[in-house]
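This report refers to the structure that appears directly beneath it.
What you see below is based on every heavy atom in this structure, not just the backbone, and it leaves out hydrogens, waters and symmetry mates.
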Number of protein chains: 2
Amino acid sequence: MVNKSKRLYQELAQHLKADLTSEKLAKPGEKLPAERELSEMYSVSRTTVREALIMLELNGVVDVRKGAGIFYLDHPEKDALFHSAAIGPFELLQARQWFESSIAELAAKNISNSQLKELKDLILPGPCDDDGDRRIHFLIAEGTHNNMMIKTAYELWEARQTDMWGRMIGRVTDLDAVRQTWHEDHQHIMHALMRRDSKSARRSMWQHLENVKNVLFEASDIDDPEFDGYLFVE
Amino acid sequence: MVNKSKRLYQELAQHLKADLTSEKLAKPGEKLPAERELSEMYSVSRTTVREALIMLELNGVVDVRKGAGIFYLDHPEKDALFHSAAIGPFELLQARQWFESSIAELAAKNISNSQLKELKDLILPGPCDDDGDRRIHFLIAEGTHNNMMIKTAYELWEARQTDMWGRMIGRVTDLDAVRQTWHEDHQHIMHALMRRDSKSARRSMWQHLENVKNVLFEASDIDDPEFDGYLFVE
DNA sequence: ATACAAAAATTGGTCCAGCCAAATTCATTT
DNA sequence: AAATGAATTTGGCTGGACCAATTTTTGTAT
């Protein structure tokens, strides 16, 4: 086990995950070596093994059964969830554009007056910071009164926390002007919601995220060595 | 700590979560008692405390910093994620209807020929079981070539694993006929995808989930004591 | 009194050894 | 061949110990 400044159990979980997908430890459905064996194999304490297993269990990779053993679950799609770090800024924005447009459309039908007031208080004062932005999009999602959509909206926002995003936002030359544009976008969306105009709400949200995409595309640096793979065909 | 047949660290994590939301342990942004203190407070070993903290950390409730302490993060929206058990069958289907329609529309534009072939092999043989159903919807999501959409599709499916759903599916009197209907729906979607007709793909997917909603609504039992709260205003 | 550096205390990270309880395996009996 | 029960395997949990990062306190020089 090589030390890499992360917590040991996280590193181990990563190794275990890799050795599972390459079927070195077990084929899907099969049993893994016992905790005590894994402990020796990876030269870490059994405690660390157990912590890593909790992580894999919470991620649905593995099933740990007392007295029986550790089983490699066979749902290959789990990878998409586990590899959420592999989601690039542009595909994320594309997903947000499609999903949040639907959210806005449904929110126009279901949002309550008190939520509209909250939204007004949030938007009217002027351009907002990143956290204000988050609250606006989240409040609109809550306007759907659909918990699955609220949850999805939350995850769409959280998936954004990647290094790439930070670097790109940092490159935006005139952030104030951008914030001003986005502020106007938010106003358009809000007005559509207040008029209960679902189609207009969808269009406004779509256009807003189109603007975000454009700003970020201009700010993106093709020379960035990690830029590869973050683009995709549309 | 009362024993409840679950694993101890999971139970503890539940208690900690409760005592955090009621702000008995710390206010948002503040520091929690040290691991050794928590260990005494809840009468469990420090190891168990650490395991529970891993769970809370993975859920974004808490931030653990070596040498510094454990901090209660202040993102109230995390609750929606944590309380995913509170998502009812109908709001889930509503979310699927909106999101998967978008997924189908985009998939019609981006799906590869080999993916279309896979889809054909999956659908043509005839009505499929629950797992086949999962693979079809997932394959369409993969057709978007957008990792965030794939991830969302995965979570839309996983959120379905609730008792309520099982009971309702169990009540469907003529499951074969239902599977036949869904099979035809799948064919419509597939043909739209093969024609690269994005609007038709959206419509077909929407109609498919409309059919699912109807079947489940007929199968739902208003007398079910847990039925309360699973409906919502549209 | 202030600023800075060193030392001490706090706190999470890891390891180890041991015992318990659930599940499995294997030998024995019928 | 089936049923029973003992032995083994395996995960669950505990307590103690030591290390390393951080924070707090203390001491010293300015």
Consider only side-chain N and O atoms of A/E155 and A/T152, and report whether a donor and an acceptor are under 3.5 Å apart.
-> no
Atom CD of B/E35 to atom P of D/dC18: distance rounded to whole Å?
-> 19 Å
Round to a whole Å and report the spacing from CZ of A/R7 to P of D/dA20.
-> 17 Å
In whole angstrom, give the distance that lies between atom CG of B/L8 and atom P of D/dG11.
-> 18 Å
Under the side chain to side chain donor-acceptor pair (under 3.5 Å) test, residues paired with B/Q180 that sit two or more places apart | B/E184
Contact string for nucleotides 3-9 of chain D, one letter per nucleotide 5' to 3', B = base within protein heavy-atom range under 4.0 Å, S = sugar-phosphate only, - = neither, reads ------B
Rounded distance (Å) that lies between atom P of D/dC13 and atom CD of B/E51 = 7 Å
Looking at the side chain of B/R50, which of C/dA21, D/dT14, C/dG13 is the nearest nucleotide?
-> C/dG13
Quickly work out the A/R65 CZ to C/dT24 C1' distance and round it to whole Å.
-> 12 Å
Along DNA chain C (nearest heavy atom to each residue), the more 5'-positioned of B/P33 and A/K66 = B/P33
For atom CG of B/L32 and atom C1' of C/dT10, their distance in whole Å = 16 Å
When we call it a touch if two heavy atoms are under 4.0 Å apart, what does A/T47 touch: a base, just sugar-phosphate, or nothing?
-> base
How would you label the contact of A/I70 with the nucleic acid (heavy atoms, under 4.0 Å): base, sugar-phosphate, or nothing?
-> sugar-phosphate
A/A68 has a side chain; which of C/dC15, C/dT11, C/dT24 sits nearest to it?
-> C/dT24
What integer distance in Å separates A/L53:CG from D/dG11:C1'?
-> 10 Å
Is any side-chain nitrogen or oxygen of B/R46 closer than 4.0 Å to OP1 or OP2 of D/dG15?
-> no
